[in-house]
Each structure stands twice: as C-alpha cells, then as structure tokens.
Amino acid sequence: MAIVLGDNRYGKAENRLVRVDRDGDEHRITDLTVSVSLSGDMSDTHLTGANDKVLATDTQKNTVFAFARDGIGEIEDFALRLARHFVSTQGSIHAARVGIVAHPWERLQVGGRPAHHSFARSGAGTRTTRVTYDGERAWVLGGVEDLTVLNSTGSEFWGFPRDEYTTLVEVKDRILATAVSATWRYSVEEADWAKAHETALATLLDAFGGTHSQSLQQTLYAMGQAVLEAVPEIAEIRFALPNKHHFLVDLEPFGLDNPGEVFYAADRPYGLIEGTVLRDDAPPAGPAWS
Ligand SMILES: O=c1[nH]c(=O)c2[nH]c(=O)[nH]c2[nH]1
C-alpha cells in the first residue's frame, strides 16, 4: 500500500474589494467578495516542503486589488481576466477558479434627487459568477443568491401520499416563499454578461410570480424553463430553494377566525427543493461545477 497526494487546490478566499468609480457626475460603487482557487503542479509543497511553485495566496489577494485599479467591469469579465492571468503567468498553475459575489448598493435620494455619492445596501439578492480556466478554455457560471420572494396566494400543495406519520393538511391556497439560489452555466466564453444576467433575473422573477404553483418543485422547473427560453447563451440552471414555510396561526382559542391573514413564519426546519433544468443538447459541463 502506498499513500499518495490526491486532488488539491489553494487560494485566497473571500477578498473583500470595494471600488469607487469617480469619473462622471455620479460616483458608482462596486462591492465584491472575490475568491481565488488555483491548482496545478503542487506535489512538492505537500511532499517535500519546497515552495518554489506556490504563488502565495497573499500575492493572489494583491493581484485582485491591483487588477481593480484599471476598472472592474462586469464580474464575469473580471473573473475571466484574473483566472487567465494566474494560469498564463505561472507555469506551475494549470487551472484557476475565480468566484465573485457582488453586493448590491442603491443610490439614495437626497433632497429629492438621486444622490451623487450616497448609497444604501439593497436587499434584492446578490449576483454571482464563477469562472474556471484550464489554460485553453474557460467555463463561466452566473447566478443569483439570497433572492427572497413570496407569493401571498396562487400556491397549493395537495395529493401527496399519506402514511402513518403524515399530519400535513392539504391546502389549495397558501403562501409560497423562498430565497432563490440559482446558478446557471453559460455555453459561451464571451457574451453581454450584464444583459444576460438582467434577462435571466427578470425572467426568473416573472416565472415565480406568474406560475400558479402546485409545489415549489413545479415552480423551480417553470423558472428554469423560462430562463433557458429567454437566454440562448445559458445551457443549464441549478436551483436550491428553501421552502420558507408560513403556517396559518390557529386563533380559535381567542375566539377569532383566521381567513388566511395571520401566519407564523417558521425559520427552521425548512423544505429544501433542489433541481437542475437544462437543454437536452447542452454542451458538456467539463469542470464548470466541480
Ligand atoms: O412545495 C412543496 N413541496 C414539497 O415537497 C413539500 N413538502 C411539504 O411538506 N410541503 C411541501 N411543499
């Protein structure tokens, strides 16, 4: 029996980067969390302690900030620039993965006008990307996280099997709420990323609101199908949807009825509905998700 080194990678995780664009009449804020992960010829550092092939994670962090000096642009492009740089400048690095979460800020209204330099963190989900580059080609993921949405009607859940442990009452009208985590895979390395993201997000929200739902699973598929129909560059979309249960409160002990008006918003446990929707001719995902 021999013991060998398996799969490994290393990098600087969660670099918090804020850039202020000062040209023009208004300041603009880009607020990112950037994670870098590199892999390649890293046997020596693990087996002998020689670090001559190890681009320090501190250097990786500095590179993220230095690259931001020229402007960031779309997060997908920034991630592609960084990933290509690490692989093309370091012989020992064979693949790079750069993940970015963009934290949204909204311009304040000050004195009844859009503010020049004042912002409030906005709550409507965060845009994400993850780029993997292997020296020859790049795989680009886009997505959204923590996009909390709610339908106050238009949702049912019934017809499920009943066994000796089933207590859930069938409902024809309930609140449906979730925090959408969606990641989609582009089949291209170059696109109008801003437009693709905007269309995907708007389509997803439209499908959430516009689907009369028999289950969160059905809503998941409807959202995925709509995004794939709207954005030709997207080959596949994966969802994780926590079912944010809202339970009708029994007000009878207080002599009150409750015609679907007062709910207890339960925190946990929660149903977790996960699924992938993809084109049947989607190109292979390669290392995009791994
Ligand atoms: O939309 C739902 N899907 C489920 O699988 C499920 N299970 C459950 O208890 N409630 C719900 N709701």
Side-chain angles (χ1 to χ4, degrees), residues 101 122-128 130 141-185 197-231 234-254 256-280 282 285 288-290:
V101 177
S122 65
T126 52
R127 177 173 165 183
T128 64
R130 194 169 88 181
L141 305 181
V144 66
E145 267 174 21
D146 295 328
L147 180 66
T148 302
V149 288
L150 181 151
N151 284 328
S152 54
T153 188
S155 166
E156 313 182 17
F157 189 64
W158 52 272
F160 47 85
R162 306 200 75 84
D163 68 8
E164 65 270 44
Y165 303 115
T166 305
T167 58
L168 188 68
V169 174
E170 299 195 334
V171 280
K172 297 278 169 95
D173 187 4
R174 66 174 183 172
I175 287 178
L176 184 69
T178 185
V180 176
S181 191
T183 310
W184 49 84
R185 174 165 63 90
H197 184 88
E198 196 185 316
T199 307
L201 183 57
T203 305
L204 189 154
L205 290 172
D206 194 63
F208 178 80
T211 301
H212 184 101
S213 173
Q214 305 294 329
S215 66
L216 191 48
Q217 288 89 329
Q218 191 192 27
T219 297
L220 179 155
Y221 188 80
M223 292 193 294
Q225 183 180 24
V227 168
L228 292 173
E229 281 169 1
V231 187
I234 296 178
E236 172 183 359
I237 179 165
R238 298 184 177 187
F239 291 96
L241 302 178
N243 192 352
K244 293 180 157 291
H245 303 297
H246 288 67
F247 297 115
L248 198 67
V249 179
D250 179 9
L251 298 177
E252 255 183 44
F254 321 118
L256 300 170
D257 66 354
N258 188 1
E261 292 184 355
V262 180
F263 294 85
Y264 165 60
D267 179 22
R268 62 194 67 178
Y270 51 88
L272 181 60
I273 311 302
E274 298 175 280
T276 301
V277 186
L278 71 168
R279 300 181 193 282
D280 62 3
W289 301 102
S290 56

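Only this structure's heavy atoms are used, side chains among them; waters, hydrogens and symmetry mates stay out. Whatever order the structure lists ligands and atoms in, that order sets their numbers, starting from 1. Remember, predicted model here, so these are calculated numbers, not experimental data.
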Participant: If only side-chain N and O atoms count, and only distance matters, is there a donor-acceptor pair under 3.5 Å linking Asp146 with Thr126?
Facilitator: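 Thr126 vs Asp146: no donor-acceptor pair found between side chains.
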Participant: Distance only, no hydrogens: is a donor on one side chain within 3.5 Å (strictly under) of an acceptor on the other, for Arg238 and Thr183?
Facilitator: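 No.
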Participant: Under 4.0 Å, heavy-atom basis, I'd like to know which part of Arg174 is in contact with ligand 1: side chain, backbone, both or neither.
Facilitator: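 It is the side chain that gets close, since no backbone atom is under 4.0 Å.
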Participant: Heavy atom under 4.0 Å from ligand 1: found in Leu168's side chain, backbone, both, or neither?
Facilitator: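 Contact part for Leu168 vs ligand 1: side chain (C-beta onward).
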Participant: Around atom OH of Tyr270, are there more than 12 heavy atoms from other residues, nucleotides or ligands closer than 6.0 Å?
Facilitator: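 No, not enclosed.
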Participant: Check each atom of ligand 1 against the heavy atoms of Gln217 and keep those under 4.0 Å away; list them by number with element.
Facilitator: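 Ligand 1 atoms under the 4.0 Å threshold to Gln217: 1 (O), 2 (C), 3 (N), 4 (C), 5 (O).
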Participant: How close does the nearest protein non-hydrogen atom get to atom 10 (N) of ligand 1, and which residue and atom is it?
Facilitator: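 Residue, atom and distance for the closest contact: Phe157 CE2, 3.5 Å.
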Participant: Which of these, Val180, Thr178, Leu241, Thr276, sits in a side-chain contact (heavy atoms from CB on, under 4.5 Å) with Leu220?
Facilitator: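 It is Leu241; the other options fail the test.
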Participant: Taking Leu248 as the fixed residue, which of Val262, Val169, Asn258 is the one that meets the side-chain contact (heavy atoms from CB on, under 4.5 Å) rule?
Facilitator: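 The residue from Val262, Val169, Asn258 that satisfies side-chain contact (heavy atoms from CB on, under 4.5 Å) with Leu248 turns out to be Asn258.
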Participant: With heavy-atom distances below 4.0 Å as the criterion, list the atoms of ligand 1 near Leu216.
Facilitator: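 In order of number, 1 (O), 2 (C).
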Participant: Just which atoms of ligand 1 are under 4.0 Å from any heavy atom in Ser215?
Facilitator: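 Contacts of ligand 1 toward Ser215, numbered from 1: 1 (O).
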